[in-house]
Amino acid sequence: MLDLKQIRENPTAIQEQLNRRSADRYDISPILELDRQQRELESIRTQLQTRSNEIGKEIGQKIKGGSDPKGSEIQALKAEGNEIKTKLSEFEPQEKEIKSKIESLLLQFPNLPSESTPIGNSEEENIEIRRWGEEYLPKNPNILPHWEIGEKLGIFDFERAVKVARSRFVSLVGAGAALERALITFMLDRQIEAGYTEVIPPILVNTQTLTGTGQLPKFAEESFKCQEDDLWLIPTAEVPLTNLYREEILEASSLPIKHCAYTPCFRREAGSYGKDTRGIIRLHQFNKVELVKIVHPDTSEEEHQSLVKDAEAILQALKLPYRVIELCTGDIGFSAAKCYDIEVWLPSSGKYREISSCSNCKDFQGRRASIRFKEAGKKGTKLVHTLNGSGLAVGRTMSAILENYQQEDGTVKIPEVLQQYMGREVL
RNA sequence: GGAGAGGUGGCCGAGUGGUUGAAGGCGCAGCACUGGAAAUGCUGUUUGGCGGCAACGUCAACGAGGGUUCGAAUCCCUCCCUCUCCGCCA
């Protein structure tokens, strides 16, 4: 959420920063006008309430002092109190309505991009920051796409999964299930070593939680909802992990908080008909190990850099070639101020594909979810900065392994670091 | 799901309509005392909105939302959560 005070005080600056995302798409002027109206009503309401409080106290004192509660003096005060009440009943609903309009407008605005986020309209203008592992690019010219090799090895069962659920679901079978599980455990072990505390959070969450991290109200159609219970399936563990601290005031000394979690993730993929229909790149349910950091604002830039490094470390350990790109203003997510994607090499399509997205949300989620911290000895509270990144998407890692580790004879080598987790060397 | 009890400040806990944003205690911070510390004493110690350069003023908040009243932490209604017992269950 954007800061209403900032919008009020620097409207042009805020508008310009929003325009960096997309020209003419976000207009803050309705908010300015509503805010002006709201404050006007607030000052009238406050004055009335002040007088009303005075009357209440006066009556109390007089009755205590022995005045007749039925006497004319007290009756007059009561009458005045009633008059104020009538007036208030006009202003109050008006003000409430304007306030909730402002609130719902504010919730629709995306985060302001960082100064350093490159300007651009679409993913075309993202910037490649670095590549790693070109020496590990496979030499084998006859690589099958991961879904073909997977079915050949009998580790994917699409047909039955579709019968059990619907399209864009898969069952992992035998060694496939074992590989997925090995990857999850390996990733968690590494991230715990890197200083993250593991959490197994709820994967059904309430509406407030999904609003806190920015998925609601704008992207309701992207999440699965349990209508009866007002609960949603999480699209990423970022949601429960960040919201663990919602409406809390943390000690500055407890920062940074670093969490990792394995969870399944659920996405409706409403806008992606026809995209990636084959394989396990884009499913309604997938596994992910997520990293979340809650940090002091002064450190969020460096914490962001190290978060990306922590995600990269997994690919390096698996010897999978990848590149890191920095997303431009037109491509960063709703809640992000700055974002790096890590893309792994998928030989069958001859492309790098996203396997991790690491965002610095600055105070955007902190304000939405009211996550603040307090410095010992100092007055007042400040909003924390929140960061999140995949460390990594498990299914996509598996597809990268199936392709990059394919051998001429049609078998797939297990990456060395996973062999102890799998108890075998080849699929 | 059924029956009962309860939700008050960082924590414990008082408070059943009237100058109560809230007694008392603990904790924490500052000051005094001390060679230093402990003990003791004094002072301070919630958050948010609006106005103000600030001091400060004012409004709101005692699980959440409504209602009664001149006035609600206190009374009424709805919902949420916690605990105990019963039922069900991985």
Side-chain angles (χ1 to χ4, degrees), chain A residues 1-9 31-107 200 202-212 226-232 240 243-255 264 363 366-384:
Chain A
M1 193 156 63
L2 303 182
D3 184 0
L4 182 57
K5 212 180 251 178
Q6 261 190 58
I7 294 179
R8 182 188 305 147
E9 283 163 12
I31 291 189
L32 282 171
E33 173 56 19
L34 287 167
D35 178 53
R36 200 191 52 71
Q37 291 175 19
Q38 187 274 326
R39 280 186 303 154
E40 204 178 299
L41 290 170
E42 176 169 343
S43 103
I44 296 170
R45 192 205 72 220
T46 305
Q47 281 172 37
L48 289 170
Q49 282 173 327
T50 308
R51 179 59 193 148
S52 166
N53 288 343
E54 280 168 13
I55 292 170
K57 276 180 193 167
E58 237 175 283
I59 293 179
Q61 278 170 25
K62 293 220 155 113
I63 292 178
K64 252 197 178 164
S67 298
D68 175 11
K70 298 244 151 67
S72 61
E73 199 181 20
I74 286 179
Q75 289 308 315
L77 283 169
K78 280 194 181 182
E80 192 188 346
N82 272 324
E83 221 172 282
I84 290 173
K85 230 183 5 178
T86 315
K87 278 191 200 154
L88 273 174
S89 67
E90 280 170 44
F91 288 106
E92 264 181 334
Q94 270 187 59
E95 195 195 341
K96 259 189 197 169
E97 200 189 316
I98 292 176
K99 261 193 168 158
S100 82
K101 266 189 200 158
I102 293 173
E103 176 81 5
S104 69
L105 278 174
L106 277 177
L107 288 173
I200 299 183
I203 59 178
L204 284 174
V205 299
N206 58 37
T207 296
Q208 241 186 316
T209 292
L210 223 38
T211 308
C226 309
Q227 192 74 41
E228 289 296 303
D229 298 287
D230 188 30
L231 289 170
W232 307 71
N243 277 281
L244 285 175
Y245 300 96
R246 196 177 68 227
E247 285 148 52
E248 289 196 23
I249 299 171
L250 306 162
E251 286 289 340
S253 60
S254 70
L255 303 177
D363 64 8
R367 187 172 296 106
R368 285 183 159 241
S370 187
I371 309 174
R372 292 162 292 169
F373 70 96
K374 204 185 173 100
E375 266 158 322
K378 283 195 194 169
K379 261 214 314 205
T381 62
K382 284 190 203 157
L383 295 167
V384 298

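Lettering follows sequence order; numbering is per chain, from 1.
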Write down the protein N/O and nucleotide N/O pairs, taken from nucleotides 26-28 of chain B, whose separation is under 3.5 Å; answer none if there are no such pairs.
none

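- Taking a pair to require two hydrogen-bonding distances under 3.5 Å in either a Watson-Crick or a G-U wobble arrangement, B:C75 pairs with B:G67.
- Of the nucleotides present, B:A3 is the one that pairs with B:U84 by Watson-Crick or G-U wobble criteria, both distances under 3.5 Å.
- For A:K96, counting side-chain heavy atoms from C-beta on, the closest listed nucleotide (B:A60, B:C50, B:G66) is B:G66.
- B:U16 and B:G30 have their P atoms separated by 37 Å, given to the nearest Å.
- Base pairing annotation: B:A90 forms no Watson-Crick or G-U wobble pair, as no partner gives both donor-acceptor distances under 3.5 Å.
- Side-chain proximity of A:Q61 to B:A60, B:G51, B:U19: nearest is B:U19.
- In this structure, B:C53 forms no base pair with any nucleotide, since neither Watson-Crick nor G-U wobble geometry is met with both distances under 3.5 Å.
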Identify all pairs in which a protein N or O lies below 3.5 Å from an N or O of nucleotides 68-76 of chain B, and state each distance.
residue, atom, partner, partner atom, Å
B:C70, OP2, A:N82, OD1, 3.2
B:G71, OP2, A:K85, NZ, 3.4

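- Checking B:G48, B:G49, B:C50 against the side-chain heavy atoms of A:R39 singles out B:C50 as nearest.
- For A:R8, the side-chain atoms get nearest to B:G51 when compared with the rest of B:C59, B:G51, B:U47.
- Both distances falling under 3.5 Å, in either a Watson-Crick or a G-U wobble arrangement, place B:A60 opposite B:U47.
- Nucleotide B:G30 forms a Watson-Crick or G-U wobble pair with B:C42, both donor-acceptor distances falling under 3.5 Å.
- The residue among A:N53 and A:G380 whose nearest nucleotide of RNA chain B lies closer to the 5′ end is A:G380.
- Between the side chains of A:E42 and A:Q38, at least one donor-acceptor pair of N or O atoms lies under 3.5 Å.
- Ranked by how close their nearest RNA chain B nucleotide is to the 5' end, A:T381 and A:E54 are led by A:T381.
- Here the separation of B:A29 from B:U46, taken at their P atoms, is 15 Å to the nearest Å.
- Summarising the base pairing, B:U16 is matched to no nucleotide, lacking a Watson-Crick or G-U wobble pair whose two defining distances lie under 3.5 Å.
- Comparing the P positions of B:G4 and B:C77 gives an interatomic distance of 14 Å, to the nearest angstrom.
- Classification of A:K62 and A:E58 as a salt-bridged pair holds, one side-chain N sitting under 4.0 Å from a carboxylate O.
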